[in-house]
Amino acid sequence: MEGTNRDDSPPDRTACGFVLVRARGPGLSYLLLRNRERGEWGLPKGHAEASESELQTALRETREETGLDAPQILDAFRAELLYDATRHGRSYRKRVVYFAARSAHGEVRLSPEHDEAAWLPLDAALARLAFPALAGVVRDAALFLKDPALFALEPHTEEDARAHLLTLPEATPGLLAHL
């Protein structure tokens with residue numbers, strides 16, 4: 001998520017993925033993958049192919065990057081990021097769409113793109129993410145999923161969390177409508 005936001009011009013590339021969770025004690029754990037080339041932690045995602053829907057792209061990319069198949073898709077959660085990126089010296093506009101899903105399985109089979117995977121509780125997942133906007137997507141998902149760990153972090157109550165979320169620039173319109 002390099003670069004800065006420009007304007008609302010259409011994206012040059014679209015990628016789709018999941019905020020993928022599994023049950024862990026009273027809370028949830030979130031799957032993060034570390035990019036082999038850049039060393040950055042992120043969520044399972046990848047570029048769309050011409051004939052795919054956003055959800056088909058997210059499912060295919062998650063299967064390719066993690067070996068996890070058929071996660072339980074949690075309807076109504078959709079987060080979108082739009083930003084300028086640079087790859088191999090070329091600047092472009094990128095849109096990334098995230099859905100939420102639960103996985104019953106925890107064993108990940110990494111693709112060559114990644115060198116590490118970790119299922120982490122919310123606070124640890126947020127701490128590993130290098131980009132504030134991506135951390136905002138994970139926080140939005142935690143609120144949507146009512147992860148008890150979100151309320152152990154500041155702020156302390158669900159009402160405080162909602163009020164705080166409304167002030168964040170990375171809060172997604174879809175989530176705000178859900179509140």
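Only heavy atoms go into these numbers, but all of them, side chains included; no hydrogens, no water, no symmetry mates. Each residue takes its place number in the sequence, starting with 1.
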Inset, instruction - Measure from the side-chain N and O atoms of Asp147 to the backbone N and O of Gly27, and report whether any donor-acceptor pair falls under 3.5 Å. - result: no
Legend entry - Single-linkage hydrophobic cluster Phe131~Leu120, side-chain heavy atoms < 4.5 angstrom: yes
Legend entry - Ala23 versus Leu28, closest heavy-atom pair with distance: CA-CD2, 4.2 Å
Legend entry - NZ/NE/NH1/NH2 to OD/OE distance under 4.0 Å, Arg60 and Glu52: yes
Legend entry - Sub-4.5 Å side-chain heavy-atom contact between Arg95 and Arg13: no
Legend entry - All salt bridge (charged side-chain N to carboxylate O under 4.0 Å, His left out) counterparts of Glu113, not counting sequence neighbours: none
Inset, instruction - May I ask you to decide if Glu61's main-chain N or O and Glu64's side chain share a donor-acceptor pair within less than 3.5 Å? - result: no
Inset, instruction - For Arg36 and Pro112, indicate whether the former's side chain and the latter's backbone hold a donor-acceptor pair under 3.5 Å. - result: yes
Inset, instruction - Provide the closest heavy-atom pair for Tyr30 versus Val138 in the form atom of the first, atom of the second, distance. - result: CD2-CG1, 4.0 Å
Inset, instruction - Salt-bridge test for Glu80 and Arg78: reply yes if a basic N is under 4.0 Å from a carboxylate O, no otherwise. - result: yes
Inset, instruction - Please check if the side chain of Thr86 supplies one atom and the backbone of Gly89 the other of a donor-acceptor pair under 3.5 Å. - result: no
Inset, instruction - Determine the minimum heavy-atom distance between Leu31 and Ala117, stating which atoms define it. - result: CD1-CB, 4.2 Å
Legend entry - Considering all heavy atoms, the nearest Ser103-Arg22 contact: O-CB, 3.2 Å
Acceptor/donor pairs from residues 65-77 side chains to any protein atom, 3.5 angstrom cut, sequence neighbours excluded:
from	atom 1	to	atom 2	distance (Å)
Glu65	OE1	Lys45	N	3.2
Thr66	OG1	Thr62	O	2.5
Thr66	OG1	Leu68	N	3.0
Asp69	OD1	Arg63	NH1	3.2

Inset, instruction - Using a 4.5 Å cut-off on heavy atoms from C-beta on, say whether the side chain of Leu59 contacts that of Phe99. - result: no
Inset, instruction - Determine the minimum heavy-atom distance between Trp41 and Leu134, stating which atoms define it. - result: O-CD2, 4.4 Å
Inset, instruction - Over all heavy atoms of both residues, which pair between Leu20 and Trp119 is shortest? Give the atoms and the distance, please. - result: O-CZ3, 3.6 Å
